[in-house]
Amino acid sequence: MATSGFLLYLLSASSVAVLSVLYLSRPNASSSVLSSSLAVHKIWPDLEFSWRLVAATAIGFLGSACGTVGGVGGGGIFVPMLTLIIGFDTKSAAAISKCMIMGASASSVWYNLRVAHPTKEVPIIDHDLALLFQPMLMLGITVGVALSVVFPYWLITILIIILFIGTSSRSFFKGIEMWKEETILNKEFAKQSGALVNSRGELLIDVEYDPLIPKQQKTALELLCFNLRWKRTSILIFVWISFLILQVIKNDVAVCSTWYWLIFSLQFPIAFAVFGYEARKLYREHKKRMETGNSEYICEASIGWTGAHLGFCALCGIVGGTVGGLLGSGGGFVLGPLLLEIGVVPQVASATATFVMMFSSSLSVVEFYLLDRFPMPYALYFTSVSVLAGFWGQFLVRKMIAILRRASLIVFILSGVIFASAITMGIIGVSKSMEMIQNHEFMGFLDFCSSE
């Protein structure tokens with residue numbers, strides 16, 4: 001019921017926002033005004049020590065640390081930070097944001113590959129879910145980049161705020177539910193521990209207990225090999241390389257030409273083929289388990305892999321990628337909350353989301369590099385900051401979870417990052433939209449072929 005209400009909220013609010021463009025469009029706007037609104041000038045400040053760089057470094061570090069822990073990347077914080085504090089133009093800020101997400105995701109994946117699953121003898125990265133969502137996420141990113149050319153900036157801002165407020169609220173209430181469950185479990189654990197000591201804290205030796213079976217501890221190298229599934233990872237790399245080749249070729253042909261649309265359309269069969277392969281596998285395994293009366297989950301998700309659920313996951317993957325393409329994020333703002341919604345353990349949801357974002361963000365970084373969309377000194381500097389932040393963020397939060405016995409901390413961090421992104425994106429979006437109104441700029445849908 002809660003999920004249905006959330007989807008109804010997103011659909012209705014987004015529909016109102018899109019339809020409102022019809023009332024703000026001015027078909028008779030002069031071509032000079034329209035062309036000036038489409039012109040984008042690169043603004044690349046020099047990399048030099050100043051209070052702006054210090055403030056951006058602090059915000060970037062905290063954003064990367066919290067964003068990777070929550071599995072959302074942090075693009076909603078990086079883009080406003082780079083534009084408002086450093087002074088980059090919007091497109092350059094989005095490109096550098098991708099570099100930061102790639103760096104933080106890569107370091108988080110490296111950390112998670114050497115961490116054991118919190119409850120089971122399985123990899124902490126769910127490769128089934130990664131293979132299910134990664135192709136659709138990357139497909140959505142290409143669609144989002146195309147829509148960012150067509151959609152007016154104010155509409156993109158409204159749609160992102162609607163989505164971010166909805167997902168952050170949903171994640172927050174999910175975190176409260178988990179916090180209550182953890183409180184009950186911690187009380188039960190305290191009672192069981194207290195039964196072994198007297199009022200003075202002395203150990204009672206006459207208590208019956210089962211002999212302890214020592215658990216074999218894996219080394220860091222053994223955990224790395226155990227957590228990394230080479231066959232499935234190779235398929236993810238194949239999708240990444242395929243999309244990269246198509247993007248490189250597409251950038252060298254004329255926009256809206258026959259070859260352009262042919263190359264663009266080739267992304268769809270690749271994404272749907274890999275998604276269909278994994279979806280068919282999950283559907284067959286789920287059906288077989290139901291026939292034999294086995295209620296054990298196929299993967300971390302606690303839902304039944306029916307056709308409707310698989311279709312819903314495909315839609316969410318495309319929506320998450322589209323948001324990533326519009327915003328300059330890695331798509332984790334939808335993927336992270338979605339994994340929690342379908343019943344994935346927070347530690348696994350975070351590890352899986354960052355694993356998927358590493359592929360999607362790195363693809364965008366390579367493409368932006370070929371298009372010369374960001375200055376290399378700033379990209380290297382902020383990527384280095386994000387690499388350190390991603391590693392230490394994972395380390396500190398995992399320690400806190402182990403001490404407090406509350407994995408819901410990840411959910412609250414995720415909710416906080418998304419909500420903060422909604423505020424920052426709202427501020428920069430409103431300010432830029434007001435400036436466009438004062439300059440009497442075109443506020444409707446733009447032409448894709450002439451605006452590329």
Seminar exercise, completed: Hits for side-chain hydrogen bond (donor to acceptor under 3.5 Å, both in side chains) against Trp392, two or more places apart or cross-chain, chain-then-number order -> none
Problem set entry | Any side-chain heavy-atom pair of Phe88 and Pro375 under 4.5 Å | yes
Problem set entry | Ser350 side chain vs Thr68 backbone, donor-acceptor pair below 3.5 Å | yes
Exercise. Got a sec, which pairs hit ring-ring contact (aromatic ring centres under 6.0 Å, His included) with one end in residues 54-85, sequence neighbours left out?
Worked result: none
Problem set entry | With Val274 via side chain to side chain contact (heavy atoms under 4.5 Å, CB included) - residues at least two apart | Leu131, Pro135, Ile235, Val239
For this session: State, yes or no, whether a side-chain contact exists between Leu339 and Asp126 at a heavy-atom distance under 4.5 Å.
Result: no
Problem set entry | Sequence-distant partners of Arg232, salt bridge (Lys or Arg N to Asp or Glu O under 4.0 Å), two or more places apart | Asp128, Glu278
Exercise. Do Thr183 and Arg406 have side-chain N/O donor and acceptor atoms under 3.5 Å apart?
Worked result: yes
For this session: Decide yes or no for Leu47 and Leu53: does some side-chain heavy atom of the first lie under 4.5 Å from some side-chain heavy atom of the second?
Result: yes
Problem set entry | Exam field: side chain Thr83 to backbone Pro80, donor-acceptor pair closer than 3.5 Å | yes
For this session: Answer whether the closest heavy-atom distance between the side chains of Phe243 and Ile141 falls below 4.5 Å.
Result: no
Seminar exercise, completed: Sorted by chain and residue number, the side chain to side chain contact (heavy atoms under 4.5 Å, CB included) partners of Leu228 (sequence neighbours excluded) come out as Leu113, His127, Trp230, Thr233
Exercise. Hey, are the side chains of Asn112 and Arg398 touching, using non-hydrogen atoms and a 4.5 Å cut-off?
Worked result: yes
Exercise. Taking Thr352 for the side chain and Ile125 for the main chain, is one N or O donor matched with an acceptor at less than 3.5 Å?
Worked result: no
Problem set entry | is_close_aromatic(Phe419, Phe172), centroid dist under 6.0 Å | no
Problem set entry | For Tyr381, ring-ring contact (aromatic ring centres under 6.0 Å, His included) partners two or more places apart | none
